[in-house]
There are 4 protein chains.
Amino acid sequence: MSRGNTRQRIQDVALEMFAERGYEKSSLREIAEQLGVTKAALYYHFKTKEDIVISIVDDLAAKPCAAIVAWAEHQPRTLETKLEVLRRYSGAVSHAARLFRFMQENQAAMRELSIGETMKSHIFTLLDLLRDEDAALADQVRCSSALFTIHATPYTLREIGATSEEKRKAALEVAQELVTRAHQDGEAGTTETAKGAGTRGTPKAAETTGSAA
Amino acid sequence: MSRGNTRQRIQDVALEMFAERGYEKSSLREIAEQLGVTKAALYYHFKTKEDIVISIVDDLAAKPCAAIVAWAEHQPRTLETKLEVLRRYSGAVSHAARLFRFMQENQAAMRELSIGETMKSHIFTLLDLLRDEDAALADQVRCSSALFTIHATPYTLREIGATSEEKRKAALEVAQELVTRAHQDGEAGTTETAKGAGTRGTPKAAETTGSAA
Amino acid sequence: MSRGNTRQRIQDVALEMFAERGYEKSSLREIAEQLGVTKAALYYHFKTKEDIVISIVDDLAAKPCAAIVAWAEHQPRTLETKLEVLRRYSGAVSHAARLFRFMQENQAAMRELSIGETMKSHIFTLLDLLRDEDAALADQVRCSSALFTIHATPYTLREIGATSEEKRKAALEVAQELVTRAHQDGEAGTTETAKGAGTRGTPKAAETTGSAA
Amino acid sequence: MSRGNTRQRIQDVALEMFAERGYEKSSLREIAEQLGVTKAALYYHFKTKEDIVISIVDDLAAKPCAAIVAWAEHQPRTLETKLEVLRRYSGAVSHAARLFRFMQENQAAMRELSIGETMKSHIFTLLDLLRDEDAALADQVRCSSALFTIHATPYTLREIGATSEEKRKAALEVAQELVTRAHQDGEAGTTETAKGAGTRGTPKAAETTGSAA
DNA sequence: AATGAATGAGAGTTCATTCAT
DNA sequence: GATGAATGAACTCTCATTCAT
């Protein structure tokens, strides 16, 4: 019936389903049904269920991330480089928003998958491009939050009336702001000492109450 | 063997397993096995598998969040109130770190559970306490990132050598910084106009390159 | 319905089926159907399909063989001991004729099963009780044929009109005769020299024709 | 790549696999993979999986056996004829050792195959050439053991350091010895009476102990 | 002389759940 | 306060086979 595009169609439908219902709740039977083929057909194109998710993640997330890392390795570790990393990461995420949402919401499942390890290491490598090994804790937090912000925003702002391009820009802006702050901290103070506790108008995290249970 | 604390032990072991392996991958058989009881015993204490997770989430996350919301509703919508909300939320999270990690990594599974809806609405209510309905997009992002930062940090910084209390403080600091910024933006400009695009030394999110594939 | 005998019934029906149709051709569905239970019930009593076969072989073949070996180890390596080994082995085989038939006809399947290894080593240990490490080839053959004869006879003579007890006695007789011959050879000659080529009226294996294709 | 010999190569690889893994455990996918062709290619050369095994057995076992039978039918039923039958059978077996091993280890699978019936009847015909319809039971046993010995020996002696030709000769020798004995018994006694219970130094199968559990 | 794409049937296995005791 | 025994539904995966090209 349809020509050689079945493989692609499987990936599309599978990703849709994985993102909507979660990885474990999405059965191959359902995917096949929605495609109008038999389960066995899926197995003609992919060796296992995991293989399907691998092929998707690899193309839409792992490779793009690897490309960013590869590019960044040949750049000086300047602030501008870091901001460009964020820009590119933002581009990659928005290019495969459904997939990144899936990965974020299915981290537990991803952890059991081989590709999960791969992605984790990619993300940590990106993180290492942004942060200083021995920066103050708060700066480390800023850098991971920057990354998180970029891929979580499409989801957290999903009910807000704005184009996804606008949301992406907003997320990128905040992420860059966080990384910029961390970078400047790294240049100002020399050791763990002066860093961390915010200056520049940010109120100290005065812990007064805190109980919540 | 053990006294009438079986119910509690089930919750403990279940949470451990859910957090470690994911909700769907944790079978009642395994939980029972690790407890040294039979599956049927679980059913004496809980009506369903979902019931177990509900009971845990309810005690350790839903109620604490509800308490924060209840408290905040009687407070003025000042910056100080917002910071206190973060403080309390940080306290709640650190009090049930494994559970929050579980919820974050199993969002897909949570979505299918009744308690998932509940938690989602709690989080969104908290968010609404922090942000202005019609604030600039970037400020909305800042507020959700603040929340995210608080419950994601234990995980993202898990390989860093620092006590979890230190990490918590760092996360709280960054979260408060983000909310403070958003709050000040809200007071400065009146409408969507002047807001958003960062001033105060943050570089404009100049999108130059961006390709990543 | 039926009391605690389900486990036993599963073993019975399974063995019947395995022997009749072969291991791989016997599906758990069929076994369950014939028992009037569901497949899942089988899994309550046995961890896997292999587990069923293991439990049967272990009780009816492995343990009896081990017992023979254990007994023989404390006996002098005389002819009489060897003949007694055969006698006991014959008893074990006739006690679980269907199982031995199954094992013989499903050696390929057995080889993939963990219990297959176990049984193989039992048989080889028995063989080592009968034969001399460095006996002439023909005597080694006699000893293995003796063992083979005992468990193959119920099958090869199955269409002959005689009680199985009569057949068993006949098989045992031939087996003992073979082992006796091998034993006497071992005592007569000292090295590979004089042994092997039969005396006592047996015609030399004069190879004249031999082509068959 | 290879010339028009694909059909032959399929048979070779298939036999190898069947012998190594068993008939049911050998899938056409694996066979095709090892050959570097697709499953469909197998179907160009053979109608079914069974067809492959049939073609192999037919050439390497059924026809040679039939030839032996055909030859023997025109011979007098003397001892010398019987010994020659064994000689020829031994030749056939050693010429297709892997196949005979396969058939022996996969009797359960063979039974379901049409060629299984064929082979069974060949073997029984051969048996009938060796034994007397109404010989004593023990003599019947001797004759079937003779046949068994010939095709089982390559396997039972597989760990012994000797050439396969040496093993074959040893097996043949024992087989001939067994048949000779049976033949002589047949001539001595006239009816069931005097036969069976061994004379010539073989100890009577005195059943004393026999317990094995 | 062979492939690419697919199918239908069925395999073994696991799951949450039930209920009489 | 639990267990032993079982179920029904679903799962992932594999198989031999087909057929248009």
Side-chain angles (χ1 to χ4, degrees), chain A residues 1-7 10 24-32 35-52, chain B residues 1-7 10 24-32 35-52, chain C residues 1-7 10 24-32 35-52, chain D residues 1-7 10 24-32 35-52:
Chain A
M1 229 165 224
S2 50
R3 275 224 322 101
N5 59 337
T6 304
R7 200 190 139 94
I10 292 173
E24 339 245 16
K25 277 276 181 184
S26 306
S27 75
L28 296 185
R29 176 181 55 75
E30 283 172 307
I31 294 175
L35 271 163
V37 298
T38 54
K39 272 181 293 169
L42 305 186
Y43 279 91
Y44 175 74
H45 293 282
F46 297 93
K47 261 189 355 229
T48 62
K49 186 186 182 185
E50 179 166 356
D51 219 47
I52 299 179
Chain B
M1 233 163 218
S2 52
R3 278 206 323 94
N5 58 342
T6 304
R7 199 189 138 92
I10 293 173
E24 336 248 14
K25 277 274 184 183
S26 305
S27 72
L28 296 186
R29 176 177 55 74
E30 283 172 307
I31 294 174
L35 272 162
V37 298
T38 51
K39 269 184 291 174
L42 305 185
Y43 279 89
Y44 177 79
H45 293 283
F46 298 92
K47 255 179 20 214
T48 64
K49 186 187 184 185
E50 180 166 357
D51 224 47
I52 299 178
Chain C
M1 228 162 222
S2 50
R3 276 224 320 100
N5 60 336
T6 304
R7 200 189 138 93
I10 293 173
E24 339 246 14
K25 276 277 183 184
S26 305
S27 75
L28 297 186
R29 177 180 55 74
E30 285 172 307
I31 294 175
L35 271 163
V37 298
T38 54
K39 270 185 293 170
L42 305 186
Y43 279 91
Y44 176 75
H45 294 281
F46 298 93
K47 260 187 2 228
T48 61
K49 186 186 183 186
E50 178 166 358
D51 220 48
I52 299 179
Chain D
M1 230 161 222
S2 52
R3 279 206 325 93
N5 58 341
T6 304
R7 198 188 139 93
I10 292 173
E24 336 248 11
K25 277 274 185 185
S26 305
S27 72
L28 296 185
R29 176 177 56 72
E30 284 172 305
I31 293 175
L35 271 163
V37 298
T38 51
K39 268 182 292 171
L42 305 186
Y43 280 90
Y44 177 79
H45 293 281
F46 298 93
K47 256 184 14 219
T48 64
K49 185 186 183 186
E50 179 165 357
D51 223 47
I52 299 179

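Below, read A as the first sequence line, B as the second, and so on, with proteins coming before strands; counting in each chain starts at 1.
Remark: Thr6(B) is in phosphate contact with dA2(F), judged by side-chain N or O atoms under 4.0 Å from OP1 or OP2. Between Tyr44(A) and dA6(E) there is no side-chain N or O to OP1 or OP2 distance below 4.0 Å. OP1 or OP2 of dA6(F) has at least one side-chain nitrogen or oxygen of His45(C) nearer than 4.0 Å.
Rounding to the nearest 0.5 angstrom, the gap separating the NZ atom in Lys49(C) from the CG atom in Leu42(C) is 11.0 Å. Atom CD1 of Ile52(B) is separated from atom NZ of Lys47(B) by 12.5 Å, given to the nearest 0.5 angstrom. From Asp51(D), atom CG reaches atom NE2 of His45(D) across 12.5 Å, with rounding to the nearest 0.5 Å.
When atom types are taken as modelled, the side chain of Lys25(A) and the backbone of Glu24(B) share no donor-acceptor pair closer than 3.5 angstrom. For Lys39(C) (side chain) and Glu30(C) (main-chain N/O), no donor-acceptor pair under 3.5 Å exists by modelled atom type.
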Given protein heavy atoms under 4.0 Å, the one-letter contact record of nucleotides 14-21 of chain F, with B base, S sugar-phosphate only and - none, is simply BSBBBB--
Taking Watson-Crick and G-U wobble contacts under 3.5 angstrom, with | marking pairs to another strand and [ ] crossing pairs, the secondary structure of DNA chain E is written .||||||||||||||||||||
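As rounded to whole Å, 17 Å separates atom P of dT14(E) from atom CD1 of Ile31(B). Atom pair Ile10(D):CD1 and dA1(E):P shows a separation of 11 Å (rounding to whole Å applied). One can place CZ of Arg7(B) at 16 Å from C1' of dA2(F), the figure rounded to the nearest angstrom. Computed from coordinates, the Leu35(D) CG to dA1(E) P distance equals 16 Å when rounded to whole Å.
In plain terms, the two heavy atoms of Ala32(D) and Thr38(D) that are nearest each other are CB-C, 3.7 Å. Of all the heavy atoms in Tyr43(D) and Thr48(D), the pair that sits closest is CE2-CA, 4.2 Å.
Applying the side chain to side chain contact (heavy atoms under 4.5 Å, CB included) test between Ile10(D) and each of Asn5(D), Leu35(D), Leu28(D) identifies Leu35(D) as the sole match.
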